[in-house]
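The block underneath contains the structure these notes are about, expressed in C-alpha coordinates.
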Amino acid sequence: MTVTDIVDELRWRGLIALSTDEDALRKAFADGPVTFYCGFDPTAPSLHLGNLVQILTMRRIQQAGNLPLGLVGGATGLIGDPKPTAERVLNDPEVVAGWVDRLRGQISRFLDFEGEYAARMVNNLDWTSGMSAISLLRDVGKYFRVNNMIAKEAVARRLNSDAGISYTEFSYQILQGMDYLELNRRYGCTLQTGGSDQWGNLTAGTDLIRKAEGKSVHALATPLIVKADGTKFGKTESGTVWLDPELTTPYAFYQFWLNADDRDVSNFLRIFSFRTREEIEELERETAERPAARLAQRALAEELTTLVHGAEQYERAVAASKALFGQGDLADLEPATLAAALAEVPKATVAELLPIVDLLVEAGLAPSRSAARRTIKEGGAYLNNAKVTDEEATPADSDLLHGRWLVLRRGKRNLAAVELKSN
RNA sequence: GGCUGGUUGCCCGAGUGGCCAAAGGGAGCAGACUGUAAAUCUGUCGCGCAAGCUACGCAGGUUCGAACCCUGCACCAGCCA
(Lines give C-alpha, C1' and ligand atoms only; values in the text may rest on other atoms or scores of the structure.)
Protein backbone atom coordinates (compact mmCIF):
# COMPACT_ATOMS: atom_id res chain seq x y z
CA MET A 1 0.00 0.00 0.00
CA THR A 2 1.39 3.36 -0.86
CA VAL A 3 1.18 6.39 1.35
CA THR A 4 -1.15 8.32 -0.88
CA ASP A 5 -4.04 5.93 -1.24
CA ILE A 6 -5.10 5.56 2.39
CA VAL A 7 -8.08 7.88 1.94
CA ASP A 8 -9.23 5.91 -1.09
CA GLU A 9 -8.68 2.72 0.84
CA LEU A 10 -10.80 3.93 3.77
CA ARG A 11 -13.47 5.14 1.38
CA TRP A 12 -13.67 1.84 -0.42
CA ARG A 13 -14.02 0.08 2.90
CA GLY A 14 -16.88 2.38 3.82
CA LEU A 15 -14.97 3.75 6.79
CA ILE A 16 -15.47 7.43 6.07
CA ALA A 17 -18.82 8.83 7.15
CA LEU A 18 -17.73 12.39 7.70
CA SER A 19 -14.52 14.29 7.32
CA THR A 20 -13.13 17.77 7.33
CA ASP A 21 -11.68 18.95 4.00
CA GLU A 22 -10.91 15.65 2.31
CA ASP A 23 -8.61 17.09 -0.33
CA ALA A 24 -6.54 18.78 2.32
CA LEU A 25 -6.38 15.51 4.20
CA ARG A 26 -5.20 13.65 1.09
CA LYS A 27 -2.51 16.23 0.63
CA ALA A 28 -1.43 15.90 4.26
CA PHE A 29 -1.07 12.16 3.86
CA ALA A 30 0.83 12.63 0.62
CA ASP A 31 3.21 15.10 2.19
CA GLY A 32 4.51 12.71 4.75
CA PRO A 33 3.74 10.94 7.95
CA VAL A 34 0.69 12.33 9.69
CA THR A 35 0.54 12.15 13.45
CA PHE A 36 -3.03 11.21 14.36
CA TYR A 37 -4.98 10.18 17.41
CA CYS A 38 -8.09 8.37 18.50
CA GLY A 39 -9.39 8.35 22.04
CA PHE A 40 -11.08 5.66 24.11
CA ASP A 41 -12.89 6.43 27.34
CA PRO A 42 -12.76 3.94 30.19
CA THR A 43 -16.46 3.28 30.73
CA ALA A 44 -16.07 -0.48 31.21
CA PRO A 45 -13.27 -2.90 32.05
CA SER A 46 -12.85 -3.79 28.39
CA LEU A 47 -13.28 -2.44 24.90
CA HIS A 48 -15.83 -4.09 22.62
CA LEU A 49 -16.43 -4.72 18.94
CA GLY A 50 -17.63 -1.17 18.34
CA ASN A 51 -14.29 0.12 19.61
CA LEU A 52 -12.51 -2.40 17.42
CA VAL A 53 -13.60 -0.46 14.35
CA GLN A 54 -11.67 2.53 15.65
CA ILE A 55 -8.65 0.52 16.70
CA LEU A 56 -8.38 -1.23 13.36
CA THR A 57 -8.84 2.03 11.50
CA MET A 58 -5.87 3.36 13.44
CA ARG A 59 -3.95 0.24 12.52
CA ARG A 60 -4.73 0.79 8.84
CA ILE A 61 -3.60 4.39 8.94
CA GLN A 62 -0.42 3.43 10.75
CA GLN A 63 0.31 0.71 8.23
CA ALA A 64 -0.01 3.32 5.53
CA GLY A 65 2.95 5.06 7.10
CA ASN A 66 1.63 7.40 9.78
CA LEU A 67 2.14 7.88 13.50
CA PRO A 68 -0.67 6.87 15.86
CA LEU A 69 -1.33 8.26 19.30
CA GLY A 70 -3.57 5.93 21.27
CA LEU A 71 -5.37 8.03 23.85
CA VAL A 72 -7.01 6.60 26.91
CA GLY A 73 -9.44 8.95 28.59
CA GLY A 74 -8.33 8.94 32.18
CA ALA A 75 -9.84 12.41 32.50
CA THR A 76 -12.78 12.29 30.09
CA GLY A 77 -13.76 8.93 31.60
CA LEU A 78 -14.33 10.76 34.87
CA ILE A 79 -16.69 13.25 33.23
CA GLY A 80 -18.74 11.20 30.76
CA ASP A 81 -19.57 11.82 27.12
CA PRO A 82 -23.28 12.80 26.86
CA LYS A 83 -25.33 9.83 25.76
CA PRO A 84 -28.44 10.64 23.68
CA THR A 85 -30.87 9.36 26.27
CA ALA A 86 -29.70 9.99 29.79
CA GLU A 87 -27.08 11.29 32.13
CA ARG A 88 -24.29 8.86 32.91
CA VAL A 89 -23.57 7.58 36.38
CA LEU A 90 -20.16 8.77 37.52
CA ASN A 91 -17.65 6.04 38.22
CA ASP A 92 -15.18 6.13 41.08
CA PRO A 93 -11.74 7.50 40.17
CA GLU A 94 -10.01 4.31 41.35
CA VAL A 95 -12.26 2.20 39.17
CA VAL A 96 -11.64 4.41 36.17
CA ALA A 97 -7.89 4.29 36.78
CA GLY A 98 -8.04 0.49 36.76
CA TRP A 99 -9.96 0.50 33.50
CA VAL A 100 -7.46 2.92 31.98
CA ASP A 101 -4.72 0.36 32.52
CA ARG A 102 -6.74 -2.40 30.96
CA LEU A 103 -7.74 -0.39 27.90
CA ARG A 104 -4.18 0.75 27.36
CA GLY A 105 -3.10 -2.87 27.19
CA GLN A 106 -5.88 -3.79 24.81
CA ILE A 107 -5.27 -0.97 22.37
CA SER A 108 -1.51 -1.54 22.41
CA ARG A 109 -1.89 -5.00 20.95
CA PHE A 110 -3.11 -3.62 17.65
CA LEU A 111 -0.53 -0.93 17.11
CA ASP A 112 3.13 -1.18 16.29
CA PHE A 113 5.45 0.48 18.81
CA GLU A 114 8.64 -0.20 16.87
CA GLY A 115 10.30 1.39 13.89
CA GLU A 116 9.82 4.50 11.86
CA TYR A 117 6.11 4.87 12.53
CA ALA A 118 6.09 3.83 16.16
CA ALA A 119 2.87 4.38 18.05
CA ARG A 120 2.62 6.10 21.41
CA MET A 121 0.04 5.77 24.18
CA VAL A 122 -1.17 8.87 26.01
CA ASN A 123 -3.61 9.63 28.83
CA ASN A 124 -5.53 12.91 28.94
CA LEU A 125 -5.44 12.89 32.72
CA ASP A 126 -1.76 13.87 32.34
CA TRP A 127 -2.59 17.37 31.11
CA THR A 128 -5.87 17.96 32.91
CA SER A 129 -5.36 16.74 36.48
CA GLY A 130 -3.07 19.64 37.35
CA MET A 131 -5.14 22.26 35.60
CA SER A 132 -6.89 24.89 37.70
CA ALA A 133 -10.51 25.87 37.29
CA ILE A 134 -9.41 29.43 36.55
CA SER A 135 -7.08 28.26 33.83
CA LEU A 136 -9.78 26.11 32.28
CA LEU A 137 -12.21 29.01 32.19
CA ARG A 138 -9.76 31.72 31.15
CA ASP A 139 -7.36 29.92 28.83
CA VAL A 140 -9.69 27.45 27.20
CA GLY A 141 -13.23 28.52 27.94
CA LYS A 142 -12.84 31.80 26.07
CA TYR A 143 -12.47 29.90 22.82
CA PHE A 144 -15.77 28.08 23.22
CA ARG A 145 -19.00 29.81 22.26
CA VAL A 146 -21.99 28.47 24.13
CA ASN A 147 -24.12 28.98 21.02
CA ASN A 148 -21.99 26.46 19.19
CA MET A 149 -21.77 24.13 22.14
CA ILE A 150 -25.52 23.79 22.52
CA ALA A 151 -25.92 23.30 18.79
CA LYS A 152 -23.92 20.04 18.86
CA GLU A 153 -26.24 17.16 18.30
CA ALA A 154 -25.30 15.27 21.45
CA VAL A 155 -26.04 18.32 23.57
CA ALA A 156 -29.06 19.51 21.62
CA ARG A 157 -30.79 16.16 21.93
CA ARG A 158 -30.33 16.18 25.65
CA LEU A 159 -31.46 19.77 26.01
CA ASN A 160 -34.64 18.86 24.19
CA SER A 161 -35.19 15.74 26.25
CA ASP A 162 -36.73 15.29 29.65
CA ALA A 163 -33.39 14.09 30.94
CA GLY A 164 -31.75 17.47 30.40
CA ILE A 165 -28.00 17.66 30.76
CA SER A 166 -25.66 18.43 33.62
CA TYR A 167 -22.97 21.07 33.40
CA THR A 168 -20.51 18.20 33.84
CA GLU A 169 -21.48 16.44 30.64
CA PHE A 170 -22.05 19.70 28.83
CA SER A 171 -18.36 20.42 29.42
CA TYR A 172 -17.20 17.17 27.88
CA GLN A 173 -16.57 18.69 24.46
CA ILE A 174 -14.21 21.20 26.01
CA LEU A 175 -12.08 18.44 27.45
CA GLN A 176 -11.97 16.49 24.21
CA GLY A 177 -11.17 19.67 22.31
CA MET A 178 -8.31 20.32 24.71
CA ASP A 179 -6.96 16.84 24.10
CA TYR A 180 -6.57 17.52 20.42
CA LEU A 181 -4.97 20.90 21.08
CA GLU A 182 -2.58 19.39 23.59
CA LEU A 183 -1.57 16.57 21.24
CA ASN A 184 -1.14 19.06 18.45
CA ARG A 185 1.24 21.10 20.59
CA ARG A 186 3.13 18.15 22.04
CA TYR A 187 3.39 15.85 19.04
CA GLY A 188 2.23 17.82 16.04
CA CYS A 189 -0.95 15.77 15.83
CA THR A 190 -3.06 16.91 12.87
CA LEU A 191 -5.76 14.26 12.55
CA GLN A 192 -8.30 12.83 14.94
CA THR A 193 -10.39 9.80 14.08
CA GLY A 194 -13.49 8.52 15.82
CA GLY A 195 -17.03 7.29 15.37
CA SER A 196 -19.57 9.49 13.66
CA ASP A 197 -21.36 9.91 16.98
CA GLN A 198 -18.20 11.73 18.06
CA TRP A 199 -18.34 14.26 15.25
CA GLY A 200 -19.28 17.12 17.55
CA ASN A 201 -16.36 16.34 19.81
CA LEU A 202 -13.97 15.95 16.90
CA THR A 203 -14.87 19.34 15.51
CA ALA A 204 -14.63 20.88 18.98
CA GLY A 205 -10.94 20.05 18.69
CA THR A 206 -10.38 21.29 15.15
CA ASP A 207 -12.20 24.52 16.00
CA LEU A 208 -10.17 25.03 19.16
CA ILE A 209 -6.89 24.51 17.33
CA ARG A 210 -7.90 26.95 14.63
CA LYS A 211 -8.68 29.60 17.21
CA ALA A 212 -5.84 28.94 19.62
CA GLU A 213 -3.09 28.10 17.16
CA GLY A 214 -4.35 29.49 13.91
CA LYS A 215 -3.86 26.09 12.32
CA SER A 216 -6.16 23.97 10.23
CA VAL A 217 -6.22 20.32 11.23
CA HIS A 218 -8.28 17.29 10.23
CA ALA A 219 -10.97 15.02 11.58
CA LEU A 220 -12.33 11.79 10.18
CA ALA A 221 -15.40 9.91 11.42
CA THR A 222 -16.30 6.30 10.72
CA PRO A 223 -19.94 5.40 10.20
CA LEU A 224 -22.17 3.65 12.64
CA ILE A 225 -22.30 0.00 11.63
CA VAL A 226 -25.83 -1.05 10.79
CA LYS A 227 -26.91 -4.64 10.47
CA ALA A 228 -29.41 -5.95 7.96
CA ASP A 229 -31.81 -7.14 10.64
CA GLY A 230 -31.80 -3.75 12.32
CA THR A 231 -30.27 -4.95 15.59
CA LYS A 232 -27.30 -3.23 17.12
CA PHE A 233 -23.90 -4.34 15.90
CA GLY A 234 -21.63 -6.07 18.37
CA LYS A 235 -24.28 -7.63 20.55
CA THR A 236 -25.48 -11.19 20.85
CA GLU A 237 -28.28 -12.71 22.88
CA SER A 238 -25.87 -12.89 25.79
CA GLY A 239 -24.85 -9.27 25.48
CA THR A 240 -21.93 -7.19 24.30
CA VAL A 241 -19.05 -8.89 22.51
CA TRP A 242 -15.99 -7.75 24.45
CA LEU A 243 -12.38 -7.96 23.39
CA ASP A 244 -11.31 -9.24 26.79
CA PRO A 245 -11.23 -13.07 26.72
CA GLU A 246 -12.37 -13.10 30.34
CA LEU A 247 -15.59 -11.32 29.37
CA THR A 248 -16.22 -12.93 25.98
CA THR A 249 -14.49 -16.25 25.37
CA PRO A 250 -12.50 -16.61 22.15
CA TYR A 251 -14.96 -19.36 21.23
CA ALA A 252 -17.92 -16.98 21.56
CA PHE A 253 -15.97 -14.34 19.68
CA TYR A 254 -15.31 -16.81 16.84
CA GLN A 255 -18.94 -17.88 16.81
CA PHE A 256 -20.05 -14.26 16.57
CA TRP A 257 -18.31 -13.84 13.21
CA LEU A 258 -19.19 -17.29 11.97
CA ASN A 259 -22.87 -16.52 12.52
CA ALA A 260 -22.80 -13.23 10.64
CA ASP A 261 -25.76 -12.59 8.40
CA ASP A 262 -25.03 -13.09 4.69
CA ARG A 263 -26.22 -9.59 4.01
CA ASP A 264 -23.75 -8.10 6.47
CA VAL A 265 -20.68 -10.17 5.82
CA SER A 266 -19.45 -8.09 2.91
CA ASN A 267 -19.52 -4.90 4.97
CA PHE A 268 -17.86 -6.63 7.86
CA LEU A 269 -15.04 -7.85 5.62
CA ARG A 270 -14.39 -4.37 4.35
CA ILE A 271 -14.52 -2.80 7.78
CA PHE A 272 -12.61 -5.38 9.79
CA SER A 273 -10.45 -7.46 7.46
CA PHE A 274 -6.90 -6.60 6.48
CA ARG A 275 -7.15 -8.68 3.34
CA THR A 276 -6.58 -6.84 0.12
CA ARG A 277 -9.35 -5.39 -1.93
CA GLU A 278 -8.90 -8.16 -4.51
CA GLU A 279 -9.16 -10.89 -1.87
CA ILE A 280 -12.23 -9.35 -0.34
CA GLU A 281 -13.96 -8.92 -3.69
CA GLU A 282 -13.21 -12.56 -4.48
CA LEU A 283 -14.74 -13.63 -1.17
CA GLU A 284 -17.79 -11.48 -1.85
CA ARG A 285 -18.20 -13.10 -5.24
CA GLU A 286 -17.89 -16.62 -3.84
CA THR A 287 -20.32 -15.83 -1.07
CA ALA A 288 -22.86 -14.54 -3.55
CA GLU A 289 -22.53 -17.72 -5.60
CA ARG A 290 -22.47 -20.24 -2.80
CA PRO A 291 -23.73 -18.67 0.40
CA ALA A 292 -24.09 -22.05 2.02
CA ALA A 293 -20.32 -22.52 2.08
CA ARG A 294 -20.04 -19.38 4.20
CA LEU A 295 -16.51 -18.77 3.05
CA ALA A 296 -16.66 -15.12 3.96
CA GLN A 297 -17.90 -15.83 7.48
CA ARG A 298 -15.18 -18.41 8.00
CA ALA A 299 -12.51 -16.08 6.68
CA LEU A 300 -13.70 -13.26 8.92
CA ALA A 301 -13.91 -15.49 11.95
CA GLU A 302 -10.43 -16.80 11.33
CA GLU A 303 -8.80 -13.48 10.72
CA LEU A 304 -10.38 -11.60 13.60
CA THR A 305 -10.16 -14.33 16.19
CA THR A 306 -6.48 -14.69 15.32
CA LEU A 307 -5.91 -10.96 15.39
CA VAL A 308 -7.65 -10.37 18.70
CA HIS A 309 -6.95 -13.59 20.59
CA GLY A 310 -4.03 -15.21 18.77
CA ALA A 311 -3.60 -18.23 16.54
CA GLU A 312 -3.70 -20.72 19.39
CA GLN A 313 -7.04 -19.50 20.67
CA TYR A 314 -8.38 -19.52 17.14
CA GLU A 315 -7.38 -23.16 16.69
CA ARG A 316 -9.09 -24.01 19.94
CA ALA A 317 -12.27 -22.25 18.93
CA VAL A 318 -12.33 -24.13 15.64
CA ALA A 319 -11.62 -27.46 17.29
CA ALA A 320 -14.33 -26.85 19.86
CA SER A 321 -16.82 -25.83 17.19
CA LYS A 322 -16.06 -28.91 15.14
CA ALA A 323 -16.40 -31.20 18.13
CA LEU A 324 -19.62 -29.67 19.40
CA PHE A 325 -21.35 -29.14 16.06
CA GLY A 326 -19.91 -32.19 14.36
CA GLN A 327 -22.02 -35.05 13.17
CA GLY A 328 -19.91 -37.67 14.90
CA ASP A 329 -20.65 -39.36 18.18
CA LEU A 330 -19.48 -37.24 21.05
CA ALA A 331 -18.49 -40.38 22.89
CA ASP A 332 -15.85 -41.03 20.23
CA LEU A 333 -13.98 -37.84 20.99
CA GLU A 334 -10.69 -38.00 22.78
CA PRO A 335 -11.00 -36.91 26.40
CA ALA A 336 -8.59 -34.03 25.80
CA THR A 337 -10.48 -32.81 22.75
CA LEU A 338 -13.80 -33.02 24.52
CA ALA A 339 -12.52 -31.28 27.62
CA ALA A 340 -11.05 -28.48 25.52
CA ALA A 341 -14.26 -28.05 23.57
CA LEU A 342 -16.39 -28.00 26.67
CA ALA A 343 -14.14 -25.45 28.27
CA GLU A 344 -15.45 -22.99 25.68
CA VAL A 345 -19.11 -23.24 26.59
CA PRO A 346 -21.04 -22.48 29.78
CA LYS A 347 -20.61 -25.18 32.36
CA ALA A 348 -22.48 -26.44 35.38
CA THR A 349 -21.04 -28.73 37.98
CA VAL A 350 -23.30 -31.15 39.78
CA ALA A 351 -22.73 -33.69 42.52
CA GLU A 352 -25.22 -36.21 41.16
CA LEU A 353 -27.23 -36.84 38.04
CA LEU A 354 -30.34 -34.67 38.17
CA PRO A 355 -33.33 -34.82 35.84
CA ILE A 356 -32.66 -33.18 32.46
CA VAL A 357 -35.09 -30.42 33.34
CA ASP A 358 -32.92 -29.41 36.27
CA LEU A 359 -29.72 -29.76 34.32
CA LEU A 360 -31.01 -27.40 31.63
CA VAL A 361 -31.66 -24.81 34.30
CA GLU A 362 -28.36 -25.44 36.10
CA ALA A 363 -26.45 -25.04 32.86
CA GLY A 364 -28.19 -21.79 32.09
CA LEU A 365 -29.91 -23.07 28.97
CA ALA A 366 -33.37 -22.46 30.41
CA PRO A 367 -34.48 -19.70 32.77
CA SER A 368 -36.87 -21.93 34.72
CA ARG A 369 -37.94 -25.51 35.02
CA SER A 370 -41.21 -24.66 33.32
CA ALA A 371 -39.27 -23.26 30.39
CA ALA A 372 -37.02 -26.31 30.35
CA ARG A 373 -40.03 -28.63 30.16
CA ARG A 374 -41.45 -26.54 27.38
CA THR A 375 -38.23 -26.84 25.45
CA ILE A 376 -38.29 -30.62 25.77
CA LYS A 377 -41.93 -30.69 24.74
CA GLU A 378 -41.06 -28.65 21.68
CA GLY A 379 -38.31 -31.04 20.76
CA GLY A 380 -35.55 -28.51 21.27
CA ALA A 381 -33.53 -30.19 23.96
CA TYR A 382 -30.58 -32.47 23.29
CA LEU A 383 -28.41 -34.64 25.48
CA ASN A 384 -25.10 -35.54 23.85
CA ASN A 385 -26.54 -34.52 20.49
CA ALA A 386 -29.55 -36.84 20.85
CA LYS A 387 -33.00 -35.32 21.12
CA VAL A 388 -34.62 -35.62 24.54
CA THR A 389 -38.25 -36.69 24.29
CA ASP A 390 -39.18 -37.51 27.87
CA GLU A 391 -39.80 -34.52 30.10
CA GLU A 392 -39.12 -36.60 33.18
CA ALA A 393 -35.92 -38.18 31.90
CA THR A 394 -32.82 -38.32 34.04
CA PRO A 395 -29.46 -39.14 32.44
CA ALA A 396 -27.96 -42.50 33.34
CA ASP A 397 -24.37 -43.20 34.24
CA SER A 398 -24.03 -44.68 30.78
CA ASP A 399 -24.75 -41.27 29.27
CA LEU A 400 -21.68 -39.77 30.88
CA LEU A 401 -18.89 -39.09 28.43
CA HIS A 402 -15.61 -40.31 29.86
CA GLY A 403 -17.37 -40.90 33.12
CA ARG A 404 -18.05 -37.27 33.95
CA TRP A 405 -19.34 -35.09 31.12
CA LEU A 406 -22.73 -34.42 29.61
CA VAL A 407 -23.26 -32.14 26.65
CA LEU A 408 -26.59 -30.33 26.69
CA ARG A 409 -27.97 -28.34 23.81
CA ARG A 410 -31.02 -26.15 23.43
CA GLY A 411 -32.07 -25.48 19.90
CA LYS A 412 -29.47 -25.52 17.21
CA ARG A 413 -26.60 -23.73 18.77
CA ASN A 414 -26.96 -23.13 22.50
CA LEU A 415 -24.57 -25.51 24.17
CA ALA A 416 -23.59 -26.15 27.73
CA ALA A 417 -21.53 -28.69 29.58
CA VAL A 418 -22.43 -30.50 32.76
CA GLU A 419 -19.66 -31.99 34.80
CA LEU A 420 -20.33 -34.60 37.44
CA LYS A 421 -18.15 -34.09 40.46
CA SER A 422 -18.54 -37.00 42.79
CA ASN A 423 -16.92 -36.71 46.13
C1' G B 1 -45.91 25.22 45.28
C1' G B 2 -50.96 24.43 42.53
C1' C B 3 -54.00 21.87 38.86
C1' U B 4 -54.67 17.93 35.27
C1' G B 5 -53.42 13.32 33.18
C1' G B 6 -50.74 8.93 33.82
C1' U B 7 -47.92 4.34 36.16
C1' U B 8 -50.39 -3.09 33.13
C1' G B 9 -46.02 -8.75 31.70
C1' C B 10 -38.98 -7.93 28.27
C1' C B 11 -41.07 -3.45 25.18
C1' C B 12 -45.50 -1.06 23.14
C1' G B 13 -50.46 -1.38 24.34
C1' A B 14 -56.04 -3.07 25.38
C1' G B 15 -58.63 -3.94 29.68
C1' U B 16 -62.68 0.28 34.32
C1' G B 17 -65.93 -5.16 39.75
C1' G B 18 -66.41 -11.84 38.56
C1' C B 19 -65.96 -14.94 31.86
C1' C B 20 -58.20 -11.80 33.52
C1' A B 21 -52.22 -15.04 34.27
C1' A B 22 -54.69 -10.35 31.61
C1' A B 23 -56.70 -8.85 24.03
C1' G B 24 -53.37 -7.26 20.10
C1' G B 25 -48.48 -6.10 18.23
C1' G B 26 -43.13 -6.36 18.70
C1' A B 27 -38.93 -8.81 20.75
C1' G B 28 -37.44 -13.61 22.64
C1' C B 29 -37.55 -19.05 22.52
C1' A B 30 -38.53 -23.88 19.94
C1' G B 31 -39.98 -26.66 15.49
C1' A B 32 -40.37 -27.20 10.00
C1' C B 33 -37.15 -25.58 5.80
C1' U B 34 -31.80 -24.80 5.80
C1' G B 35 -26.02 -23.42 5.97
C1' U B 36 -24.49 -22.90 13.44
C1' A B 37 -27.41 -17.46 7.84
C1' A B 38 -31.89 -14.83 6.22
C1' A B 39 -36.97 -15.05 4.86
C1' U B 40 -41.48 -17.76 5.59
C1' C B 41 -44.90 -20.87 8.20
C1' U B 42 -46.27 -23.33 12.98
C1' G B 43 -46.06 -23.50 18.10
C1' U B 44 -44.64 -21.15 22.58
C1' C B 45 -43.88 -17.15 25.69
C1' G B 46 -45.02 -15.54 35.12
C1' C B 47 -43.60 -19.75 38.71
C1' G B 48 -45.07 -24.79 39.66
C1' C B 49 -45.44 -32.12 37.60
C1' A B 50 -49.89 -30.65 39.74
C1' A B 51 -53.07 -28.64 43.30
C1' G B 52 -52.04 -24.03 43.41
C1' C B 53 -48.97 -19.60 44.12
C1' U B 54 -47.32 -14.81 42.87
C1' A B 55 -48.44 -10.64 39.60
C1' C B 56 -51.29 -5.02 36.67
C1' G B 57 -46.19 1.59 40.75
C1' C B 58 -46.17 1.01 46.64
C1' A B 59 -49.18 0.59 51.25
C1' G B 60 -53.86 0.19 53.23
C1' G B 61 -59.34 -0.10 52.64
C1' U B 62 -64.44 -1.37 50.50
C1' U B 63 -66.52 -6.10 48.59
C1' C B 64 -68.52 -12.90 48.72
C1' G B 65 -65.00 -11.27 44.83
C1' A B 66 -60.42 -5.82 42.71
C1' A B 67 -55.70 -4.66 37.36
C1' C B 68 -60.57 -2.34 37.52
C1' C B 69 -63.90 1.31 43.29
C1' C B 70 -61.88 4.43 47.79
C1' U B 71 -57.63 6.61 50.80
C1' G B 72 -52.57 7.76 51.41
C1' C B 73 -47.67 7.64 49.35
C1' A B 74 -43.94 7.46 45.39
C1' C B 75 -42.61 8.40 40.53
C1' C B 76 -43.49 10.37 35.36
C1' A B 77 -45.71 13.93 31.89
C1' G B 78 -48.37 18.49 30.65
C1' C B 79 -50.21 23.23 32.16
C1' C B 80 -50.04 27.26 35.75
C1' A B 81 -47.01 30.02 39.51
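Convention: sequence-line order gives letters A, B, ...; per-chain numbering from 1. Only a predicted model underlies this, so the values are computations on that prediction, with no experimental measurement involved.
Side-chain proximity of A:D261 to the nucleotides B:A38, B:C49, B:G48 is greatest for B:A38. When the nucleotides B:C33, B:G48, B:U44 are ranked by their closest atom to the side chain of A:K412, B:C33 comes out on top. In this structure, the nucleotide among B:G48, B:G35, B:U36 sitting nearest to the side chain of A:P291 is B:G35. Candidate nucleotides B:A30, B:U36, B:G48 were compared by shortest atom distance to the side chain of A:N414, and B:A30 ranks first. Comparing B:C47, B:A30, B:C49 by their nearest atom to the side chain of A:R373 picks out B:C49. The side chain of A:Q255 sits closest to B:U36 out of B:A37, B:U36, B:U44. For A:E378, the side-chain atoms get nearest to B:G43 when compared with the rest of B:C49, B:G43, B:U36.
Electrostatic pairing of A:R26 and A:E22 counts as a salt bridge here, judged by a charged N lying under 4.0 Å from a carboxylate O. Under the 4.0 Å criterion applied to side-chain N and carboxylate O atoms, A:E284 and A:R270 are assigned as salt-bridge partners. Using a 4.0 Å cut-off between charged nitrogen and carboxylate oxygen, A:D112 and A:R59 do not count as a salt-bridge pair. A salt bridge does not link A:D8 with A:R11: none of the charged nitrogens is closer than 4.0 Å to a carboxylate oxygen. Salt bridge status for A:D358 with A:R369: present, with a side-chain N to carboxylate O gap under 4.0 Å.
Heavy atoms of other residues, nucleotides or ligands lying less than 6.0 angstrom from CD of A:E312 number 12 at most. Residue-environment remark: CD (A:E153) stays at or below the threshold of 12 foreign heavy atoms within 6.0 Å.
One P atom belongs to B:C68, the other to B:C79, and the distance between them is 30 Å to the nearest Å. B:U44 and B:A50 are spaced 16 Å apart, taking the P atom of each and rounding to whole Å. Atom P of B:C76 sits at a distance of 23 Å from the matching atom of B:U71, rounded to the whole Å. Comparing B:G13 with B:G25, their C1' atoms are spaced 8 Å from each other, to the whole Å. Annotation: B:G72 and B:A27 have their P atoms spaced 43 Å apart (nearest Å). Spacing of C1' atoms, B:U7 relative to B:C56, comes out at 10 Å, to the nearest Å. Here the separation of B:C70 from B:G17, taken at their C1' atoms, is 13 Å to the nearest Å. Distance check on atom C1': B:G46 versus B:A22 gives 12 Å, rounded to whole Å.
Protein atom CG of A:D264 is 20 Å distant from nucleotide atom P of B:G35, rounded to whole Å. Counting to the nearest Å, the C1' atom of B:U36 and the CG atom of A:N259 are 5 Å from each other. Between the CD1 atom of A:I376 and the P atom of B:C29 there is a distance of 18 Å, given to the nearest Å. Spacing between atom CZ of A:R263 and atom C1' of B:A39 amounts to 8 Å, rounded to whole angstrom units. Atom pair A:L365:CG and B:U36:P shows a separation of 19 Å (rounding to whole Å applied). Here the P atom of nucleotide B:C29 and the CZ atom of A:R409 are 15 Å apart, to the nearest Å. Between the P atom of B:A27 and the NZ atom of A:K227 lies a distance of 14 Å, rounded to the nearest Å. To the nearest angstrom, P of B:G35 lies 18 Å from CD of A:E286.
Across all strands, A:T375 comes closer than 4.0 Å to no nucleic acid atom at all (heavy-atom distances). A:Q297 comes within contact range of at least one nucleobase, with a heavy-atom separation under 4.0 Å. Using a 4.0 Å heavy-atom criterion, one finds that A:Y254 contacts no nucleic acid atom at all. The residue A:R374 sits close only to the backbone: its heavy atoms come under 4.0 Å of sugar-phosphate atoms, none of a base. Residue contacts for A:D262: at a heavy-atom cut-off of 4.0 Å it reaches a base atom on one of the strands shown.
Using a 4.0 Å cut-off, some side-chain N or O of A:R369 falls inside it from OP1 or OP2 of B:C49. Close to B:G31, at under 4.0 Å from its OP1 or OP2, lies a side-chain N or O of A:Y382.
Here B:A39 sits opposite no nucleotide as a Watson-Crick or G-U wobble pair (both hydrogen-bonding atom distances under 3.5 Å). With a cut-off of 3.5 Å on both Watson-Crick or G-U wobble distances, the partner of B:G28 is given as B:U44. Using Watson-Crick or G-U wobble geometry with both donor-acceptor distances under 3.5 Å, B:G65 finds no partner in any strand shown. The partner of B:A59, taking Watson-Crick or G-U wobble pairs whose two distances both stay under 3.5 Å, is B:U71. Checking B:C3 for Watson-Crick or G-U wobble geometry (two distances, each under 3.5 Å) identifies B:G78 as its partner. Under the Watson-Crick or G-U wobble criterion, with both distances below 3.5 Å, B:A50 has no partner in any strand shown.
The one candidate from A:Y314, A:F272, A:Y251 that meets the ring-ring contact (aromatic ring centres under 6.0 Å, His included) condition with A:W257 is A:F272.
In terms of position along RNA chain B, the nucleotide closest to A:K387 lies nearer the 5' end than the nucleotide closest to the other residue of the pair A:K387 and A:Y251. Place A:V357 and A:R298 on RNA chain B by their nearest nucleotides, and A:R298 ends up nearer the 5' end.
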